[in-house]
K.L.:
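Before I ask anything, here is the structure I am working with.
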Protein chains: 2
Amino acid sequence: MKYQRTGIKLVLFSVIDGKLCVFFENHMLPSVAWRGEGSLDQAVDELTRRVPGLATDQGYREQLYTFSGVEAGLPAQAGEYDIAIAYFVLLGEHKIPQGLRDRWIAYDARANSTDLAIITYAVQRLQWKVEYTNVVYSLLPQEFTLSQLQRVYEAILGKPLDKRNFRKKILSLGILKDTKKKKSLGRARPAGVYRFKTQKLTYVEIL
Amino acid sequence: MKYQRTGIKLVLFSVIDGKLCVFFENHMLPSVAWRGEGSLDQAVDELTRRVPGLATDQGYREQLYTFSGVEAGLPAQAGEYDIAIAYFVLLGEHKIPQGLRDRWIAYDARANSTDLAIITYAVQRLQWKVEYTNVVYSLLPQEFTLSQLQRVYEAILGKPLDKRNFRKKILSLGILKDTKKKKSLGRARPAGVYRFKTQKLTYVEIL
DNA sequence: GCAAAAGTGTTGTTGGTACACCCATGC
DNA sequence: GCATGGGTGTACCAACAACACTTTTGC
């Protein structure tokens with residue numbers, strides 16, 4: 001009797017220097033075989049630990065999709081899996097050690113990685129999630145300015161946003177707390193500092 | 001070396017008699033072991049064929065989620081899988097042979113099936129999908145009246161909808177075609193007959 | 001003629017979008 | 001004093017929600 005080989009793949013996102021970036025290990029998504037020992041989550045933990053500078057508990061993680069056969073482009077890759085369970089993980093730029101930033105590549109829908117289909121799917125999911133939840137908390141330090149927040153949104157959505165409308169919207173959602181502090185970046189007027197009320201995933205009330 | 005056992009589970013939905021129903025095989029979702037032969041899709045085809053009155057190509061199918069360990073309540077079930085890949089399938093009431101309707105049970109969030117977590121998740125996905133796509137085409141005959149359509153929406157969303165607003169909205173989406181025919185049900189005024197412009201999944205323009 | 005379901009418009013509210021200038025600071 | 005990014009308000013438009021009566025048919 002034949003058993004299938006199952007793999008786990010990670011799509012790691014971060015917004016670095018205003019650009020949406022994905023982590024690669026020699027031009028492929030980090031992946032590992034899974035042999036059914038322990039839970040899937042544990043296996044993902046382990047895989048996560050392989051990424052330099054990334055502790056298990058950091059960031060936001062979510063299962064993406066289970067790819068099989070053609071969809072994942074798997075046949076083309078010898079020694080690969082019959083099915084691949086893909087996860088995406090969000091990691092704040094501030095948690096990435098400076099020396100390792102070159103392993104993060106700016107997302108480009110036209111790139112031709114074997115994993116492009118998975119990455120594209122992950123980006124769509126991220127774009128959706130960021131509009132309907134507070135999930136961006138995982139891409140920012142605990143305290144941040146509204147401009148920082150806006151830059152993260154712009155990087156993910158891939159388009160510029162209007163400053164006034166953005167602030168009105170985000171503040172009206174009531175997911176932020178004004179710390180009343182001020183932070184000065186460079187030689188400009190200091191900006192107000194905010195934090196997310198909660199670091200747990202919350203769906204935004206659209207009513 | 002140990003290999004994991006992978007299972008496929010099906011959540012089959014239909015709206016029968018104005019109620020959202022799920023198909024059960026002795027109080028459980030239909031499932032089958034998968035040993036990595038052929039693609040996942042083929043395996044789902046096969047499982048689908050086990051459901052009486054359901055041909056492979058009928059209805060709409062989508063992968064739901066891959067459950068492992070605790071999440072799916074699997075440990076409680078002896079002889080079950082390490083991971084279960086769940087799919088949901090939508091099937092029009094008109095395609096279900098009369099004699100087999102008793103295997104379809106009205107969805108109840110309070111029921112205590114071992115598969116309740118999966119089913120609940122599937123219902124949420126369905127509710128979302130039905131609001132942003134034309135996917136209900138798979139739950140109705142080719143031709144139908146607006147009232148029939150509204151009843152399907154109400155069953156899925158679990159709440160009554162306003163007739164005038166519903167019609168305005170659905171017609172403005174431009175996904176329906178008026179056949180100009182009339183259909184008389186019972187002793188009331190005959191209703192206009194519509195069809196979906198396409199039977200392929202289409203995301204609705206929200207602009 | 002009456003029961004049953006079909007069909008039809010208006011109004012108020014809300015959320016989205018477009019848009020331009022002054023302010024506080026570092027150098 | 002000037003360059004840099006921070007911060008603010010209004011007006012228009014589109015989508016949504018609430019709401020009640022007339023029409024056509026079968027019996």
Side-chain angles (χ1 to χ4, degrees), chain A residues 15 17-18 93 127-128 130-134 140-141 143-195 203-207, chain B residues 15 17-18 127-128 130-134 140-141 143-155 157-195 203-207:
Chain A
V15 174
D17 207 15
E93 178 178 17
Q127 290 178 337
W128 183 88
V130 103
E131 298 203 68
Y132 294 101
T133 72
N134 66 348
L140 286 161
E143 307 201 326
F144 50 86
T145 69
L146 292 183
S147 297
Q148 276 180 285
L149 181 59
Q150 182 175 345
R151 279 193 290 272
V152 171
Y153 271 90
E154 289 175 332
I156 292 171
L157 299 176
K159 65 181 181 193
L161 300 174
D162 179 85
K163 202 197 330 183
R164 280 173 290 193
N165 292 338
F166 176 77
R167 293 161 104 91
K168 210 186 314 168
K169 177 79 182 302
I170 207 83
L171 291 174
S172 78
L173 296 179
I175 58 178
L176 298 185
K177 205 175 109 194
D178 187 346
T179 64
K180 308 290 182 188
K181 294 189 235 175
K182 296 276 174 195
K183 189 161 117 197
S184 207
L185 299 102
R187 58 184 150 178
R189 174 176 175 176
V193 173
Y194 292 79
R195 23 189 326 169
Y203 288 82
V204 163
E205 294 297 320
I206 311 206
L207 291 183
Chain B
V15 174
D17 207 16
Q127 291 179 338
W128 183 87
V130 103
E131 297 202 70
Y132 294 101
T133 72
N134 65 348
L140 287 160
E143 305 201 327
F144 51 87
T145 69
L146 291 183
S147 297
Q148 275 179 284
L149 181 59
Q150 183 174 344
R151 278 192 291 274
V152 170
Y153 270 91
E154 289 175 332
L157 299 177
K159 65 180 182 196
L161 299 174
D162 178 85
K163 202 193 337 178
R164 282 174 288 191
N165 292 338
F166 176 78
R167 293 161 104 89
K168 209 184 316 166
K169 177 79 183 299
I170 208 82
L171 291 174
S172 78
L173 296 179
I175 56 178
L176 298 185
K177 203 175 111 194
D178 188 346
T179 65
K180 307 289 183 191
K181 295 189 234 174
K182 295 277 175 198
K183 189 161 118 197
S184 207
L185 300 101
R187 56 183 153 179
R189 171 176 178 176
V193 173
Y194 293 80
R195 22 188 328 169
Y203 287 82
V204 163
E205 295 296 321
I206 312 208
L207 291 184

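Just so it is clear, the model here is predicted, and its values are computed rather than measured. Chain letters run A, B, ... following the sequence lines, proteins first, then strands; residues in each count from 1. All heavy atoms count here, side chains included; hydrogens, waters and symmetry mates do not.
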K.L.:
Where do A:K182 and A:P190 come nearest, in terms of heavy atoms and distance?
P.N.:
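Heavy atoms only, the tightest pair is CB-CB, 4.1 Å.
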K.L.:
Give me the atom names and distance for the closest heavy-atom approach of A:V193 to A:T179.
P.N.:
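So the minimum-distance heavy-atom pair works out to O-OG1, 2.7 Å.
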K.L.:
Measure the spacing between CD1 of B:I170 and CD of B:Q150 and express it to the nearest 0.5 Å.
P.N.:
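Going from CD1 on B:I170 over to CD on B:Q150, the span is 9.5 Å.
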K.L.:
Excluding sequence neighbours, so at least two apart, what forms side chain to side chain contact (heavy atoms under 4.5 Å, CB included) with A:I175?
P.N.:
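Listed in chain order: A:N134, A:L173, A:F196.
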K.L.:
Between atom CG in A:L171 and atom C1' in C:dG15, what is the gap in whole Å?
P.N.:
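Interatomic distance, CG of A:L171 to C1' of C:dG15: 16 Å.
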K.L.:
What residues, two or more places apart in sequence or in another chain, satisfy side-chain hydrogen bond (donor to acceptor under 3.5 Å, both in side chains) together with A:R195?
P.N.:
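Once residues adjacent in sequence are excluded, the partners of A:R195 under the side-chain hydrogen bond (donor to acceptor under 3.5 Å, both in side chains) criterion are A:Q142.
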K.L.:
Which of residues 147-155 of chain A have a heavy atom under 4.0 Å from DNA chain C?
P.N.:
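Here the set is empty: none.
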K.L.:
To the nearest angstrom, how far is A:E131 atom CD from C:dG15 atom P?
P.N.:
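Atom CD in A:E131 sits about 17 Å away from atom P in C:dG15.
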K.L.:
May I have all residue pairs that pass salt bridge (Lys or Arg N to Asp or Glu O under 4.0 Å) and include part of residues 162-178 of chain B, sequence neighbours excluded?
P.N.:
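Residue pairs passing salt bridge (Lys or Arg N to Asp or Glu O under 4.0 Å), neighbours aside: none found.
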K.L.:
Could you tell me the separation between the NZ atom of A:K181 and the C1' atom of D:dG6, rounded to a whole number of Å?
P.N.:
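Distance check: A:K181 NZ to D:dG6 C1' gives 19 Å.
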K.L.:
I need the minimum non-hydrogen distance between A:S184 and A:A188, along with the two atoms involved.
P.N.:
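Reported closest heavy-atom pair: OG-O, 3.6 Å.
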K.L.:
Looking at residues at least two apart in the chain, or sitting in another chain, which of them share a side-chain hydrogen bond (donor to acceptor under 3.5 Å, both in side chains) with A:E93?
P.N.:
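So A:E93 forms no side-chain hydrogen bond (donor to acceptor under 3.5 Å, both in side chains) with any residue.
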K.L.:
My understanding is that only residues two or more places apart in sequence, or in another chain, count here; which of them pass side chain to side chain contact (heavy atoms under 4.5 Å, CB included) with B:P160?
P.N.:
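Testing B:P160 for side chain to side chain contact (heavy atoms under 4.5 Å, CB included), a comparison that skips the adjacent residues, returns B:E154.
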K.L.:
Quick one: which residue pairs count as a ring-ring contact (aromatic ring centres under 6.0 Å, His included) with a foot in residues 148-174 of chain A, not counting sequence neighbours?
P.N.:
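Every pair satisfying ring-ring contact (aromatic ring centres under 6.0 Å, His included) with a residue in residues 148-174 of chain A: A:Y153-A:F166.
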K.L.:
Report the end-to-end axis angle of the helix from C:dG1-D:dC27 to C:dC27-D:dG1; each axis comes from five terminal pairs, and the value is rounded to 10°.
P.N.:
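Computed from the C1' atoms at both ends, the axes differ by 0°.
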K.L.:
Enumerate the residues from residues 185-195 of chain B whose closest heavy atom to DNA chain D is under 4.0 Å, giving them by residue number; use none for an empty result.
P.N.:
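The answer is B:G186, B:R187, B:A188, B:R189, B:P190.
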K.L.:
Roughly, in whole Å, what's the span from NZ in B:K182 to C1' in D:dT23?
P.N.:
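Those two atoms, NZ and C1', are 11 Å apart.
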K.L.:
May I have all residue pairs that pass ring-ring contact (aromatic ring centres under 6.0 Å, His included) and include part of residues 168-194 of chain B, sequence neighbours excluded?
P.N.:
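For residues 168-194 of chain B: none.
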K.L.:
I need the A:I156 CD1 to A:W128 CH2 distance, nearest 0.5 Å.
P.N.:
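Here the interatomic distance stands at 14.0 Å.
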K.L.:
Residues of residues 156-170 of chain A with any non-hydrogen atom less than 4.0 angstrom from an atom of DNA chain C: list those, numerically ordered, please.
P.N.:
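Within residues 156-170 of chain A, the residues near DNA chain C are A:D162, A:R164, A:N165, A:K168, A:K169.
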K.L.:
Looking at residues at least two apart in the chain, or sitting in another chain, which of them share a side-chain hydrogen bond (donor to acceptor under 3.5 Å, both in side chains) with B:K181?
P.N.:
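Scan of B:K181 (side-chain hydrogen bond (donor to acceptor under 3.5 Å, both in side chains), adjacent residues dropped) gives B:E143.
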